[in-house]
4 protein chains.
Amino acid sequence: MKKIGIIGGTGYTGGELARILCAHPDIEIAAMTSRQSAGKKVSDTQTNLKGYIDIKYTESLAGVDLDLIFVATPHGVAMKEAPSLLDSGIKVIDMSGDYRLHDASVYKKWYGHDHTDPKYLKDSVYGMPELFRKEIKKAKIVANPGCYATATILATAPLLMAKAVKNDFIVDAKSGTSGAGMVPSPRIHHPFCGESIIPYSVGNHRHQPEMESVLDIVSKAGPKILFSPHLLPIVRGILSACYMTAINDITNEDIAKIYEKQYKDEPFVHFVEEPSIRAVVCSNHCQVNAKIFDEKIVAFGTIDNLVKGASGQAVQCANLMLGSKETAGLNTPGMGV
Amino acid sequence: MKKIGIIGGTGYTGGELARILCAHPDIEIAAMTSRQSAGKKVSDTQTNLKGYIDIKYTESLAGVDLDLIFVATPHGVAMKEAPSLLDSGIKVIDMSGDYRLHDASVYKKWYGHDHTDPKYLKDSVYGMPELFRKEIKKAKIVANPGCYATATILATAPLLMAKAVKNDFIVDAKSGTSGAGMVPSPRIHHPFCGESIIPYSVGNHRHQPEMESVLDIVSKAGPKILFSPHLLPIVRGILSACYMTAINDITNEDIAKIYEKQYKDEPFVHFVEEPSIRAVVCSNHCQVNAKIFDEKIVAFGTIDNLVKGASGQAVQCANLMLGSKETAGLNTPGMGV
Amino acid sequence: MKKIGIIGGTGYTGGELARILCAHPDIEIAAMTSRQSAGKKVSDTQTNLKGYIDIKYTESLAGVDLDLIFVATPHGVAMKEAPSLLDSGIKVIDMSGDYRLHDASVYKKWYGHDHTDPKYLKDSVYGMPELFRKEIKKAKIVANPGCYATATILATAPLLMAKAVKNDFIVDAKSGTSGAGMVPSPRIHHPFCGESIIPYSVGNHRHQPEMESVLDIVSKAGPKILFSPHLLPIVRGILSACYMTAINDITNEDIAKIYEKQYKDEPFVHFVEEPSIRAVVCSNHCQVNAKIFDEKIVAFGTIDNLVKGASGQAVQCANLMLGSKETAGLNTPGMGV
Amino acid sequence: MKKIGIIGGTGYTGGELARILCAHPDIEIAAMTSRQSAGKKVSDTQTNLKGYIDIKYTESLAGVDLDLIFVATPHGVAMKEAPSLLDSGIKVIDMSGDYRLHDASVYKKWYGHDHTDPKYLKDSVYGMPELFRKEIKKAKIVANPGCYATATILATAPLLMAKAVKNDFIVDAKSGTSGAGMVPSPRIHHPFCGESIIPYSVGNHRHQPEMESVLDIVSKAGPKILFSPHLLPIVRGILSACYMTAINDITNEDIAKIYEKQYKDEPFVHFVEEPSIRAVVCSNHCQVNAKIFDEKIVAFGTIDNLVKGASGQAVQCANLMLGSKETAGLNTPGMGV
């Protein structure tokens with residue numbers, strides 16, 4: 001039984017890590033921190049975990065013997081906490097954006113301040129097993145992917161890697177509100193967002209350089225994305241619609257083959273006729289599809305933003321890093337209905 | 001053209017007053033205050049009003065010649081602002097709970113502090129035209145009813161007034177999230193409330209003594225209500241389900257007659273077979289029904305909480321107080337779909 | 001008082017026509033047909049109209065003296081009903097797609113069968129006053145625009161007419177479920193669509209040639225659109241996101257000027273910083289915006305699909321055709337919240 | 001590995017059985033029938049199961065060697081199918097209402113026709129392990145409880161069994177739309193129900209006699225319920241609010257003790273301060289609470305209607321009937337967010 005700790009146990013991604021890991025066959029949650037809830041039982045704050053977890057939140061993880069730590073805090077915390085943990089030999093999975101952009105100057109441009117841990121930034125591995133499985137297995141620090149980035153990269157990488165599409169494309173993505181985190185704000189206030197769809201941060205969202213950078217690593221295509229995110233009146237789920245341009249004549253059969261080849265052995269990514277949010281909600285699965293319309297190719301990807309888009313993918317990475325079966329604790333289908 | 005002012009123009013009820021009054025035939029919005037938005041155009045903050053209103057928010061209403069002022073602020077403000085306005089001869093409609101409970105000791109029990117304006121508290125009239133039309137016409141200060149109270153009182157008053165039911169009953173009411181106001185909070189955070197129904201403040205909500213007090217005024221029945229409010233994942237609309245006990249044998253036909261008699265000349269209350277939120281949303285209408293099941297009587301009432309449950313009813317009162325036709329500015333049907 | 005009739009009074013667009021017209025100052029609903037509800041009072045089926053309309057549905061409009069007839073039936077009915085009405089001198093507004101595509105061969109390609117009224121098809125005017133006001137005033141038959149087409153054309157026409165963008169673009173549009181009409185179907189079944197967003201008919205929706213054809217008439221740009229519609233889990237409202245490519249250097253200020261010039265005198269179209277569905281729901285308004293991101297231009301348009309996207313726009317046309325003030329019966333702001 | 005079959009594999013409860021059982025450690029889905037989809041792969045119809053189940057729907061279960069059959073069909077089918085299965089020694093769990101009311105005359109009153117299998121009706125066991133665990137272990141045929149009945153019985157049985165409340169009470173329950181099944185209908189059409197809450201079948205719903213009958217078996221209290229169900233605009237989840245009357249003085253501490261005593265060893269029922277739908281959705285858990293307000297007691301219960309309210313509870317029963325650990329395949333927490 002490997003022991004893990006969670007820094008930031010009361011946020012949505014911390015809580016979702018606990019939900020997934022409390023039923024994990026090889027991993028034990030040894031400690032969870034929470035500034036606001038230290039001393040309280042985890043299952044009193046998060047009553048869905050009653051019967052599954054019996055520990056209390058603590059102020060810190062100090063003194064707990066751990067194999068791996070998930071840092072589930074807002075952007076900016078991990079790059080302060082991680083270096084000493086890594087120096088002491090503990091593996092780290094950062095749920096925030098701190099370690100996703102390897103180029104510190106790109107980081108500064110999009111996050112507005114210097115990166116304070118350029119050393120480990122260089123070593124960090126992007127935690128998407130479908131593209132970086134080998135690297136994740138050996139990684140000390142994994143940058144868990146952003147939710148929008150996950151749906152979009154999984155939907156578009158096969159076409160870019162196959163040189164089937166131009167490098168310049170549009171991503172119109174739609175996310176459930178849990179992606180915004182647990183702190184109340186005017187945009188996530190139900191009367192504002194509950195019967196609407198709200199575009200925001202068009203061309204200005206931090207997942208845009210993340211997608212570009214990761215897709216460039218795997219395709220060398222120098223992708224240039226205009227990313228247009230929208231807030232949906234649902235709690236969980238992302239649909240990413242990617243509007244690309246074909247380079248050569250290509251048929252829907254060719255496209256299907258490209259995806260099947262890429263994902264045929266993947267446990268969590270499926271090429272299906274009609275990707276559906278409901279089919280993947282509450283699971284680590286991702287559904288993708290792409291079709292051609294004259295010279296345009298439309299690729300869709302769906303995930304649960306809190307699972308494959310956050311805590312599920314992080315557990316998938318932890319499994320690889322700790323020597324468990326990659327699907328351990330994650331091997332359940334989406335809800336469907 | 002009568003001139004009115006709105007104190008608290010950026011909240012939901014203030015904004016809804018503006019939405020209704022900007023198309024009113026006899027009333028002009030002369031001024032709206034907002035601490036946070038003073039100096040900004042109203043239609044820049046509330047873009048649905050573009051083309052309908054051209055004024056800017058101000059810090060105060062001082063110096064504006066007004067016939068009536070709506071106080072659309074959180075509880076506690078009106079009883080500080082209203083006395084001097086009333087002393088100077090301006091009529092006031094208070095949208096908050098400050099003037100709804102005529103008994104200052106009941107007020108203190110439910111609001112947790114002394115009422116600072118016992119004088120006008122005694123004079124205030126409960127702004128429900130269906131029950132207090134005559135009094136509203138002559139009132140200086142009107143306490144605009146609470147949203148839950150409106151739906152519940154309109155659904156149950158006829159039976160209580162007809163002595164058809166016992167005084168002791170259950171109200172299980174369900175409200176859209178806009179009833180909670182515009183300030184973000186954990187309960188109205190979309191990921192928390194957006195795919196759920198949340199009971200809260202059972203037996204402990206301030207509309208409970210409001211319903212009891214008003215229903216007692218009209219029925220002398222000494223009603224004793226257990227009020228159980230719920231938050232619905234919709235923006236607008238209330239359904240109040242009232243579970244009462246019949247005193248004598250009574251048929252559904254008898255019940256229908258009681259309601260028809262009470263409401264036959266009312267422009268905004270209709271006894272229908274199946275009261276529906278969608279039928280009244282975006283209108284000042286209320287739909288009611290009641291049926292008997294053995295000795296139990298189930299009465300339903302539906303309203304739009306921001307219109308008949310707040311700003312629409314306030315305009316209906318203002319029409320009466322200013323000598324307009326009661327339905328002026330309100331004479332449109334609910335959305336239906 | 002002009003007299004109108006509605007063929008197909010129990011569907012959503014027929015019902016919405018009744019909702020709008022029952023409060024219209026110059027137009028009277030003289031008759032509404034319904035095969036399934038003939039003989040029933042309109043306000044018994046559609047209880048939101050209680051107190052506003054007192055007629056019964058009839059089998060047909062035969063024998064009623066009418067100035068104008070709205071045909072609010074599924075595609076294929078109007079082209080059978082309209083010719084004889086038009087021959088007899090009654091004006092017609094068709095809510096369906098029958099008269100929107102002037103080219104009978106394009107019609108056949110997209111609707112799968114021959115057009116049976118090629119004569120009036122040629123004469124029909126596209127009922128979008130912002131682009132065809134003069135023609136509508138004189139029209140005998142108006143083809144009321146499709147909902148998606150309305151939001152998209154209003155959002156993109158100014159840029160195409162100003163030759164500011166290339167003719168080839170992507171439209172990713174999102175619609176509330178009422179756009180699908182009142183007949184239950186698996187896609188509009190709540191458990192399927194209620195907590196999801198569902199892309200459908202990509203590149204294959206009949207509003208695609210409609211947008212292309214109308215935008216070509218006004219811009220001569222030969223637009224070529226890839227239209228990607230999505231079903232949203234809300235009842236009313238459309239957001240159309242249009243991804244275009246700038247031809248020359250152009251700033252956001254230039255873009256704003258293009259829209260302001262086009263729409264400055266329009267009562268129902270506003271260029272605002274953040275177009276919002278909630279700001280226009282339950283009104284005939286449309287909000288638009290466009291911004292440049294490098295060479296890409298993103299244009300947004302929002303409407304209520306049943307009002308500006310259907311019955312409200314039809315009433316706006318009827319006002320023009322019957323000599324009323326263009327805004328009569330429509331002059332109310334959107335809900336905002 | 002025990003082998004089970006599902007009759008009616010394309011409906012919601014059949015699909016949910018497949019979702020749960022495809023990850024079950026001791027049970028294998030050997031066959032699923034579907035009239036409309038026979039010959040198709042299950043995972044092509046229900047894409048969330050891709051990678052989990054590889055069989056095709058068949059016309060019937062004939063010739064398959066099975067330990068237990070779930071009958072997941074509309075009311076009326078099971079009582080025709082079950083007798084021969086039972087005669088041949090196969091255990092049966094019926095998901096419909098056919099075997100829930102042991103009294104054939106009560107059945108006839110509420111279902112409108114005679115029961116055609118009075119023999120096994122007498123032997124059938126109500127499949128709620130918290131109340132009938134011992135009987136279920138030995139049962140040949142289990143009547144899986146109704147969704148509303150599950151939430152309501154688990155919320156109220158402890159108080160009735162403790163003789164703490166009167167036998168006459170109100171149940172105001174609210175359900176997600178998936179409870180209505182997969183066949184489209186006007187009430188579940190999104191534009192009708194998606195932004196509303198809809199009371200229906202008050203005093204007339206078949207779960208009313210089911211609750212009364214089962215609660216009487218365990219409490220001998222002769223309960224008399226007025227059941228008032230409502231349709232919520234969410235897909236999954238039930239909140240049952242039960243308004244009861246205390247017999248004697250009782251405190252909230254006494255009440256808590258009654259529930260803790262009843263449920264302390266139950267893996268799936270928890271007494272929590274604020275029962276929440278989100279805490280139990282996508283799990284077999286039920287949360288309950290009760291509090292006293294003067295002489296009234298308000299008891300709440302929440303479940304996922306498709307899991308504890310249908311297929312999860314059925315699997316819990318199957319585990320007992322087949323000798324598996326009761327929690328096998330069900331041991332995951334609710335979503336929480």
Side-chain angles (χ1 to χ4, degrees), chain C residues 10-16 19 34 36-37 40 44-48 72 147 174-200 229-238 277-278 281-282 304-307 309-311 334-335 337, chain D residues 10-16 19 34 36-37 40 44-48 72 147 174-200 229-238 277-278 281-282 304-307 309-311 334-335 337:
Chain C
T10 38
Y12 287 163
T13 52
E16 187 76 359
R19 184 183 73 79
S34 165
Q36 71 201 74
S37 299
K40 289 191 195 162
D44 283 347
T45 301
Q46 213 178 324
T47 64
N48 59 322
C147 50
K174 299 92 175 165
S175 173
T177 56
S178 58
M182 78 177 310
V183 181
S185 70
R187 192 189 286 149
I188 316 298
H189 194 47
H190 187 282
F192 180 74
C193 68
E195 293 175 4
S196 193
I197 179 169
I198 300 165
Y200 66 102
H230 297 69
L231 193 68
L232 276 183
I234 64 174
V235 175
R236 285 176 180 237
I238 286 179
I277 281 177
R278 291 306 287 176
V281 160
C282 203
D304 181 322
N305 55 295
L306 289 182
V307 190
S311 307
M335 289 213 290
V337 176
Chain D
T10 38
Y12 287 164
T13 52
E16 188 75 359
R19 184 184 72 80
S34 166
Q36 71 202 72
S37 298
K40 288 191 196 164
D44 283 347
T45 302
Q46 214 179 322
T47 64
N48 59 322
C147 50
K174 299 92 176 164
S175 173
T177 56
S178 58
M182 79 177 308
V183 181
S185 70
R187 192 189 286 147
I188 315 297
H189 194 47
H190 186 282
F192 181 73
C193 67
E195 293 175 2
S196 194
I197 178 168
I198 300 164
Y200 67 102
H230 297 68
L231 192 68
L232 277 183
I234 64 174
V235 175
R236 287 177 180 236
I238 285 180
I277 282 178
R278 291 307 286 176
V281 160
C282 203
D304 181 323
N305 55 295
L306 289 182
V307 190
S311 307
M335 288 213 291
V337 175

If you measure from [atom1] on [X] to [atom2] on [Y], what distance do you get to the nearest 0.5 Å?
| X | Y | atom1 | atom2 | value |
| --- | --- | --- | --- | --- |
| D/I198 | D/S175 | CD1 | OG | 12.0 Å |
| D/R187 | C/H190 | CZ | NE2 | 14.0 Å |
| D/Q36 | D/T45 | CD | OG1 | 8.0 Å |

**OP:** Over all heavy atoms of both residues, which pair between C/L231 and C/Y200 is shortest? Give the atoms and the distance, please.
**Re:**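 It is N-CE2, 3.8 Å.
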**OP:** Would you mind telling me which of D/E195, D/H189, D/M182, D/R236 has the largest number of heavy-atom pairs within less than 4.5 Å of chain C?
**Re:**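 The residue among D/E195, D/H189, D/M182, D/R236 with the greatest pair count is D/H189.
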**OP:** Please determine, among D/G194, D/S185, D/G176, the option with the most heavy-atom pairs under 4.5 Å with chain C.
**Re:**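 Sorted descending by pairs with chain C, the first entry is D/S185.
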Original post:
Taking every heavy-atom pair that is under 4.5 Å apart, which of C/I234, C/V235, C/V183 has the most such pairs with chain D?
Top reply: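 The residue among C/I234, C/V235, C/V183 with the greatest pair count is C/V235.
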